[in-house]
**Q** 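One structure is given below, represented as structure tokens, and several questions about it will come after.
Every value quoted in this text rests on a predicted model; they were computed, and no experiment measured them. Proteins get letters first, then strands, A, B, ... in listed order; numbering begins at 1 in each.
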Amino acid sequence: MDPTAPGDEVTRLLALPALEVGPRLLGSVFRVGEVAVRLTEVEAYHGQGQDPGSHAHRGQTPRNASMFREGGTLYVYLSYGIHRCVNIVCGPEGYASGLLLRAGEVVDGVEVARSRRATAKRDSELAKGPGRLGSALDIGLGDDGSRLGQGRFSLELPGGDVGDVVAGPRVGVSGRAGTDEFPWRFTLAGEPSVSSWRPAVRRRGGAAERW
DNA sequence: TAGAAGATAGGA
DNA sequence: CCTATCTTCTAG
């Protein structure tokens, strides 16, 4: 097997922990069937008790089982009962780190993406945010556990320079894990498709802090 | 067994 | 600012 083949390069990269993969994944093209996005924003989640913000922090459950598979697996979950969000799992089996695909620029299949995202006023909003990205790419819970490079899913790493990468606190993550103590959100500078930062939701007025 | 909180988005 | 919407996890 040719070790310089593109497919192997992706495999080698995704064998690393999400913290290392995150910045290097920006500018990649993630394709799901006829629609493709160029990733402009990702967030790293680290498992194994090292990241209080991760779904895998408290160990394996039926929902997060895909995160414990090997790098290149997709972890899809339902967010707020409505949105389907996608992660690319990183690291060896059992490591449970992943990258939430938070935003991208639609670079192919724009018409299809528009039809799926009728409320988007501009094309830069088609995949601006993890729920929107999942919608534009027609990701479903049935895609949980799929593998990159199989079926409708593929990933192509950027060919050249992607510009400046910015690291900062993650979006909507509660507690310490959402502060710049964990600067694990990576964005491409100056991209209109990058979502706005927002603190964790807190409906019941305050309290309930268990960290 | 119940109940709150959640890696969000859209509309008033 | 408020609400839709529903699964998962944790406490009791």
**Q** Below 4.0 angstrom from OP1 or OP2 of dA7(B), is there any side-chain N or O of Arg185(A)?
**A** no
**Q** Would you say the side chain of Tyr80(A) and the base of dA5(B) hold a donor-acceptor pair, judged only by whether the two atoms sit under 3.5 Å apart?
**A** no
**Q** Choose from dT7(C), dA7(B), dT8(B) the nucleotide whose nearest atom is closest to any side-chain atom of Asn87(A).
**A**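 That would be dA7(B).
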**Q** Output the rounded distance in Å from CD1 (Ile139(A)) to P (dT8(B)).
**A**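 Ile139(A) atom CD1 is separated from dT8(B) atom P by 17 Å.
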**Q** Whom does dT8(B) pair with, Watson-Crick or G-U wobble, provided both distances fall under 3.5 Å?
**A** dA4(C)
**Q** When you get a sec, tell me which of dG11(B), dA7(B), dA9(B) is the closest nucleotide to the side chain of Tyr45(A)?
**A**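 From the listed options, dA7(B) comes nearest.
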**Q** What integer distance in Å separates Ile82(A):CD1 from dT8(C):P?
**A**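 Rounded to the whole Å, the gap is 15 Å.
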**Q** Can you name the nearest heavy-atom pair linking Val35(A) to Val106(A), along with the distance?
**A** CG1-CG1, 4.2 Å
**Q** Side chain of Ser174(A): nearest nucleotide among dG6(B), dT8(C), dT10(C)?
**A**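 That would be dG6(B).
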**Q** For dA7(B), does OP1 or OP2 lie under 4.0 Å from any side-chain N or O of His55(A)?
**A** yes
**Q** Has Arg24(A) got more than 12 heavy atoms of other residues, nucleotides or ligands less than 6.0 Å from its CZ?
**A** no
**Q** Would you call the rings of His46(A) and Tyr95(A) parallel, tilted or perpendicular, where under 30° means parallel and over 60° means perpendicular?
**A** tilted
**Q** Verify the neighbour count for atom CD of Glu34(A): are there more than 12 heavy atoms of other residues, nucleotides or ligands below 6.0 Å?
**A** no
**Q** Name the closest nucleotide to the Ser54(A) side chain, picking from dA7(B), dG11(B), dC6(C).
**A**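 Of the candidates, dA7(B) comes closest.
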**Q** When you compare dA7(B) with dC1(C), how far apart are their C1' atoms, in angstrom units rounded to a whole number?
**A**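 Taking atom C1' in both dA7(B) and dC1(C), they lie 22 Å apart.
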**Q** Tell me whether the side-chain N/O atoms of Arg84(A) come closer than 4.0 Å to OP1 or OP2 in dA7(B).
**A** no
**Q** Just how far, in rounded Å, is P of dT5(C) from CG of Leu141(A)?
**A**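 One finds 16 Å between P of dT5(C) and CG of Leu141(A), rounded.
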**Q** Is the backbone N or O of Ser115(A) less than 3.5 Å from a side-chain atom of Arg117(A), with the two atoms forming a donor-acceptor pair by type?
**A**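 Pair absent, no side-chain N/O of Arg117(A) close to backbone of Ser115(A).
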**Q** Would you say Ser79(A) reaches dA7(B)'s phosphate, i.e. side-chain N/O to OP1/OP2 under 4.0 Å?
**A** no
**Q** State whether Arg198(A) places a side-chain N or O below 4.0 Å from either non-bridging phosphate oxygen (OP1 or OP2) of dA9(B).
**A** yes
**Q** Looking at the side chain of Arg58(A), which of dA7(B), dC9(C), dG6(B) is the nearest nucleotide?
**A**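 Nearest nucleotide to the side chain: dC9(C).
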